[in-house]
Amino acid sequence: MAEVKKIAVIAGDGIGPEVVAEAEKILKRTEELYGYSFETEHVLFGGIAIDEKGTPLPEDTLKVCKSADAVLLGAVGGPKWDSNPKELRPETGLLGIRKELGLFSNLRPAVIFDCLKDASTLKPEVLEGTDLMVVRELTGGIYFGEKFRREGEGGQEAVDTCVYNVQEVERIVRQAFEIAQKRRKKLASVDKANVLETSRLWREVVNRVAPEYPDVELEHVLVDNCAMQLLRRPSSFDVIVTENMFGDILSDEAAMLTGSIGMLASASLGEGSFGLYEPVHGSAPDIAGQGLANPIATILSVALMFRLTFGYDKAADAIEKAVAEVLDAGHRTADIAVDKSQALSTSEMGDLIAAAMK
Ligand code: IPM
Ligand code: MG
């Protein structure tokens, strides 16, 4: 008998519960096919936790996540909570869970699926061969620096501080180098070193550790230039490593290159094998509860979990192959369908992918 892996499941808000249900079918199918054993525990988080428990990140949710081997997250947030005070916003829960679980590294791959290359707003010849990974620092920088208001000469002032220390930069940069070593061995470190002190420190650290990874070709790219190069020559990027806010912005841009944000998975990692896995897309409240959501990003997040946390590479491959096979056979959910009348529902797509796994 394989060791039982504990997975904390956060279905969350909007389409979260629907896409997570399909990912759970994949877990079940993996148990049948490979003899692995998963124990899932559903916990409240985000908007639904605000409604039911009065806080986006309840203590017991955190406890279950901390004692699990991995967390699977659907999506959180929605207009219902958008005008709430800061403590009662799903986003605050998201930042809290990242910090509490020590998830300093956020991996967001952007891959063009061959059969969907016309879905992008960019010309297919520009996109040809694009397969990149944004490695975003997730627990530091301006997101977590001191924030306050004060009276100034021009009226009220608002202050957000951006702080990075050497250790925070070094651990994410090393991880990015290691990821690059397993890919096409190219790393773009993105900063704003011509203006920001945190970026100058960032660049110093990158240059100090770079000689330890002589097989990786390194380039420093200023963030504004990177935003441009992503549209101009996306396929020339392999791994991009950057600080929290630049990574937030660039990863959305990179996701849109693929034209199919409903297809992209992500992983948030800390020091050990523990990770939180979630689709890149949001909670899409406008289509929630209608069976219209594309479950593929969440299903591919399970594949990432298998590979990065459990080391179940074969099962991860099986999921990815099944997704490719189902897409190649022409099956589509509404977001990626040309003929919407032929589109599959969320659960039909999940069933087909589970059945295609071997
Ligand atoms: C993301 C999101 C979050 C972020 C928001 C919802 C707080 O945009 O995960 O990219 O900015 O990190
Ligand atoms: Mg974002």
Side-chain angles (χ1 to χ4, degrees), residues 10-16 19-20 45-50 55-57 61-62 65 71-110 132-145 147 160-164 168 172 176 190 198 223 226-227 230 240-270 275-286 288 297-298 300-301 304-305:
I10 297 172
D13 310 314
I15 59 171
V19 292
V20 159
F45 177 71
I48 186 172
I50 295 170
T55 168
L57 177 53
T61 292
L62 199 55
C65 291
V71 180
L72 177 66
L73 193 156
V76 294
K80 184 173 173 195
W81 306 281
D82 273 351
S83 44
N84 279 7
K86 186 169 150 241
E87 321 71 64
L88 292 180
R89 293 182 64 115
E91 292 85 352
T92 305
L94 209 51
L95 299 190
I97 204 168
R98 289 170 181 170
K99 195 71 168 181
E100 288 285 342
L101 299 177
L103 304 170
F104 61 83
S105 162
N106 182 219
L107 314 186
R108 295 187 174 181
L132 63 89
M133 168 89 83
V134 178
V135 179
R136 169 188 176 192
E137 201 290 326
L138 202 58
T139 52
I142 201 163
Y143 273 62
F144 291 91
K147 303 174 189 301
D160 290 290
T161 38
C162 184
V163 183
Y164 270 109
E168 283 170 321
I172 185 83
V190 174
T198 42
V223 62
C226 183
L230 271 174
I240 293 175
V241 64
T242 191
E243 61 110 84
N244 204 343
M245 189 159 74
F246 297 161
D248 177 46
I249 298 166
L250 293 179
S251 63
D252 265 30
E253 188 186 358
M256 210 47 226
L257 294 173
T258 71
S260 47
I261 199 161
M263 309 280 296
L264 300 177
S266 79
S268 299
L269 306 170
L276 179 148
Y277 298 85
E278 61 180 314
V280 167
H281 64 70
S283 60
D286 51 320
T298 315
L300 290 174
S301 299
L304 275 184
M305 178 192 292

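When a ligand or atom number is given, it counts from 1 through the structure's own listing order. Predicted, not measured: the structure shown is a model, and the values here were computed from it. Below, each value reflects all heavy atoms present in this structure, side chains not excepted, and no hydrogens, waters or symmetry copies.
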Legend entry - Residues in contact with ligand 1, criterion: heavy atom under 4.0 Å: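 Residue list for ligand 1: Glu91, Leu94, Arg98, Arg108, Arg136, Tyr143, Asp248.
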Inset, instruction - Determine the minimum heavy-atom distance between Asp13 and Ile48, stating which atoms define it. - result: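 So the two residues come closest at OD1-N, 2.9 Å.
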Legend entry - Shortest non-hydrogen contact from Val190 toward Cys226: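 Heavy atoms of Val190 and Cys226 come nearest at CG2-SG, 3.7 Å.
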Legend entry - Minimum side-chain heavy-atom gap Glu278-Val71 below 4.5 Å: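 Sidechains of Val71 and Glu278: no contact.
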Legend entry - the Mg ion (ligand 2): protein N, O or S atoms that are less than 2.8 Å away, sorted by chain: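 Result, waters dropped: Asp248 OD1.
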Legend entry - By ring pair (Phe, Tyr, Trp, His ring centres under 6.0 Å) - contacts of Tyr143 (at least two apart):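 Scan of Tyr143 (ring pair (Phe, Tyr, Trp, His ring centres under 6.0 Å), adjacent residues dropped) gives none.
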Legend entry - Side chain Thr139, main chain Gly102, donor-acceptor under 3.5 Å: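 A pair under 3.5 Å: no.
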Inset, instruction - Taking Asn84 for its side chain and Arg89 for its backbone only, find out whether a donor-acceptor pair lies under 3.5 Å. - result: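 Looks like no, no N/O pair under 3.5 Å.
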Legend entry - salt bridge (Lys or Arg N to Asp or Glu O under 4.0 Å) contacts in which one or both residues fall within residues 243-258, not counting sequence neighbours: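 Salt bridge (Lys or Arg N to Asp or Glu O under 4.0 Å) check on residues 243-258 returns Arg136-Asp248.
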Inset, instruction - First locate atom CG of Leu300, then atom OG of Ser266, and finally report the distance between them rounded to the nearest 0.5 Å. - result: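 The distance works out to 11.5 Å.
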Legend entry - Distance (rounded to the nearest 0.5 Å) between Leu269 CG and Leu107 CG: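 So the gap between those two atoms works out to 5.0 Å.
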